[in-house]
Amino acid sequence: MTIFDEKLILETINMIKLHNFDIRTVTLSISLRDCISENVNTVCDKIQWKLEKYAKNLVSYANEIENDYSIPIVNKRISVTPISLIGESCNDKDYVKIAQTLDKSAQELGVDFIGGFSALVEKGFTQGDLKLIESIPEALATTQRLCSSVNLASSKAGINMDAVLKMSKIVKEAAEITADKGGIGAAKLVCFCNSVSDNPFMAGAYCGYGEPECALNIGVSGPGVVRAAINDLDKTADMGILANKIKKTAYKITSTGELVGRKLADKLGVPFGIIDLSLAPTPAVGDSVAQIFQAMGLEHAGAHGTTAALAMLNDAVKKGGIMASSYVGGLSGAFIPVSEDAGMIEAASKGYLTFDKLEAMTCVCSVGLDMIAIPGDTPSTTIAGMIADEMAIGMINKKTTATRIIPVPNKNVGDTIVYGGLLGEAPIMSVNKISSANFVNRGGYIPAPIHSLNN
């Protein structure tokens with residue numbers, strides 16, 4: 001006879017109904033390495049066939065699991081092998097055509113996003129890398145579901161400053177070419193240091209070279225659940241008790257997420273990959289990482305102590321989640337995207353949260369400067385400086401960092417850009433006016449730190 005724990009059942013129901021708990025994404029990682037050909041039309045045909053083969057039931061089966069367990073699955077996504085690798089053998093390196101093929105397949109399969117229009121250039125460019133990077137603005141402007149990422153640095157290789165400068169111009173162009181949509185092209189483009197090959201979250205998801213033929217990766221979320229758990233504690237509970245509460249909550253979230261992921265992987269007939277523990281917020285009220293800081297005792301995100309609170313949150317989430325699963329991967333921790341978090345939006349709008357404070361917080365969070373809207377006339381060299389700073393934080397600290405900065409055309413400090421949905425809205429934030437040009441224009445490589453020599 002099975003013995004049910006009524007308390008745990010009620011806690012799970014409340015997590016879903018009252019505190020915005022959900023499976024943020026189920027992401028099917030698919031290798032396209034066998035789609036390489038000299039003919040770009042052949043490549044596109046092979047890609048369509050491969051995606052159809054593995055992902056044709058992804059959405060329908062995910063919906064069945066959602067109904068069976070009454071746990072919302074917000075996004076269904078696909079990630080593929082970095083397309084710079086797939087397209088560079090073509091005589092006609094038409095990366096835009098490949099991008100449109102990926103987008104068409106994503107639409108036909110009913111998935112929300114497809115990631116992997118990517119290149120890994122931390123140590124230099126191939127001809128395929130350069131062609132892909134130069135095609136990014138047009139590719140993002142002519143597609144709906146496609147996401148792009150470029151890895152510019154690593155703790156082993158250092159920072160490719162030529163790539164940083166080039167990507168700063170690409171970010172500007174991606175925003176300008178989609179000016180009629182608030183520069184949304186830049187919102188689907190991320191620059192990484194130490195990117196990971198099994199990340200299920202967009203815009204940075206891709207299927208790494210060492211990944212299997214196909215695998216299902218899961219991204220869970222639950223800022224509202226963590227906030228509610230903290231609110232249940234006595235307001236005078238010390239930091240150790242607070243951290244332990246977060247760990248226990250993360251354990252529950254992870255256990256539920258892995259159950260859903262394994263059930264879906266079994267139905268699809270593919271291996272279960274990893275579960276990403278990242279607390280991914282949304283613009284919905286009560287689903288905010290920033291509001292966790294308030295529950296901890298800060299008046300608002302951005303107050304002195306915010307970085308310490310984020311460090312403890314990130315660490316406790318990882319410790320709790322790792323006890324619930326042997327297959328934790330991706331980014332894992334806490335995201336701090338400005339436009340996608342109701343509390344972050346409020347803090348930035350009121351001036352409590354500045355660009356520099358956000359940069360400091362990236363030293364301890366899961367990703368980096370994420371979904372930050374800045375004036376459209378910001379020079380590309382200033383954007384290059386922002387990217388370089390974030391790459392340096394990741395390189396030195398041996399962690400993943402990233403930038404998803406949106407120079408919104410025709411917008412200035414004091415304005416707001418509204419994207420809707422999970423992308424939310426963002427106040428245009430003030431940036432430092434002092435020039436970075438002479439520094440970033442030097443080009444070359446910032447060498448890897450001494451701790452890279454650890455063989």
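Residues: numbered from 1 along the sequence shown. Reckoned from all heavy atoms, side chains included, excluding hydrogens, waters and symmetry mates.
Remark: Lys50 engages Asp34 in a salt bridge, criterion side-chain N to carboxylate O under 4.0 Å. Under a 4.0 Å N-O distance rule, the pair Asp287/Arg24 qualifies as a salt bridge.
Note that CD of Gln294 and OG1 of Thr306 are 9.5 Å apart. Values are rounded to the nearest 0.5 Å. One distance of note links CD1 of Ile446 with CG of Leu152; it measures 11.5 Å at 0.5 Å rounding. A distance of 10.5 Å separates CD1 in Ile159 from CD in Glu390, rounded to the nearest 0.5 Å. Between Leu140 atom CG and Lys181 atom NZ the span is 11.0 Å, to the nearest 0.5 Å. Here the straight-line distance linking atom CE of Met395 with atom OG of Ser452 works out to 9.0 Å at 0.5 Å rounding. A distance of 9.5 Å separates CG of Leu216 from OG of Ser29, quoted to the nearest 0.5 Å.
For His300, the ring pair (Phe, Tyr, Trp, His ring centres under 6.0 Å) partners are Tyr352, not counting sequence neighbours. Every residue meeting the salt bridge (Lys or Arg N to Asp or Glu O under 4.0 Å) condition with Glu346, not counting sequence neighbours, appears here in chain and number order: Lys350. Residues that satisfy the side chain to side chain donor-acceptor pair (under 3.5 Å) test with Thr27, not counting sequence neighbours, are Thr25. In this structure, the ring pair (Phe, Tyr, Trp, His ring centres under 6.0 Å) partners of Phe201, at least two apart in sequence or on a different chain, are Phe335.
With hydrogens and angles left out, the side-chain atoms of Tyr206 and Ser195 include a donor and acceptor closer than 3.5 Å.
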> Can Ser278 and Asp276 be said to form a side-chain hydrogen bond (donor to acceptor under 3.5 Å, both in side chains), step by step?
Replying inline: CA-CA 6 Å; Ser278 301; Asp276 187 314; 2.5 Å; yes
>> Determine whether Thr142 and Gln100 satisfy the following criterion, side-chain hydrogen bond (donor to acceptor under 3.5 Å, both in side chains), listing intermediate values before the conclusion.
In response: CA-CA 7 Å; Thr142 58; Gln100 292 168 348; 3.2 Å; yes
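Considering only heavy atoms from C-beta on, Tyr327 stays 4.5 Å or farther from Ile275 through its side chain. Taking 4.5 Å as the limit, every side-chain heavy atom of Arg404 sits out of range of all side-chain heavy atoms of Leu189. Using a 4.5 Å heavy-atom cutoff, the side chains of Lys93 and Val40 are not in contact. Within the 4.5 Å cutoff, the side chain of Cys90 has no heavy atoms near those of the Asn39 side chain. Looking only at side-chain heavy atoms (C-beta outward), Asp415 and Val408 stay at 4.5 Å or farther from each other. Between Gln48 and Leu51 there is no side-chain heavy-atom pair separated by less than 4.5 Å.
Distance alone, capped at 3.5 Å, places no donor-acceptor pair between the Thr362 side chain and the Gly368 backbone. Checked by atom type and distance alone, the side chain of Asn397 pairs as donor or acceptor with a backbone atom of Ile393 at under 3.5 Å. Of the possible donor and acceptor atoms, none in the side chain of Asp198 sits under 3.5 Å from a partner among the backbone N and O of Gly329. Side chain of Ser436 to backbone of Gly385: no donor-acceptor contact under 3.5 angstrom is found. At distances below 3.5 Å, at least one donor-acceptor pair connects side-chain atoms of Asn151 with backbone N or O atoms of Ala153. Between the side chain of Lys357 and the backbone N or O of Gly302 there is no donor-acceptor pair closer than 3.5 Å.
Annotation for Asn194 and Ser155: closest pair OD1-N, 2.9 Å, computed over non-hydrogen atoms. Between Gly343 and Asp341 the shortest heavy-atom distance is N-OD1, 2.9 Å.
Within 6.0 Å of CD on Gln144 lie no more than 12 heavy atoms contributed by other residues, nucleotides or ligands. Atom CG of Asn410 has 12 or fewer heavy atoms from other residues, nucleotides or ligands within 6.0 Å. No more than 12 heavy-atom neighbours from other residues, nucleotides or ligands sit within 6.0 angstrom of CG on Asn438. Atom NZ of Lys123 is surrounded by 12 or fewer heavy atoms from other residues, nucleotides or ligands within 6.0 Å. Heavy atoms of other residues, nucleotides or ligands lying less than 6.0 angstrom from NZ of Lys156 number more than 12.
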Scan the side chains in residues 425-435 for donor-acceptor partners under 3.5 Å anywhere in the protein, sequence neighbours excluded, and list what turns up.
unit_1	atom_1	unit_2	atom_2	d
Asn432	OD1	Ile434	N	2.9
Ser435	OG	Ala437	N	3.0

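The salt bridge (Lys or Arg N to Asp or Glu O under 4.0 Å) contacts involving residues 129-141 comprise Glu134-Lys166, where partners must be two or more places apart or lie in separate chains.
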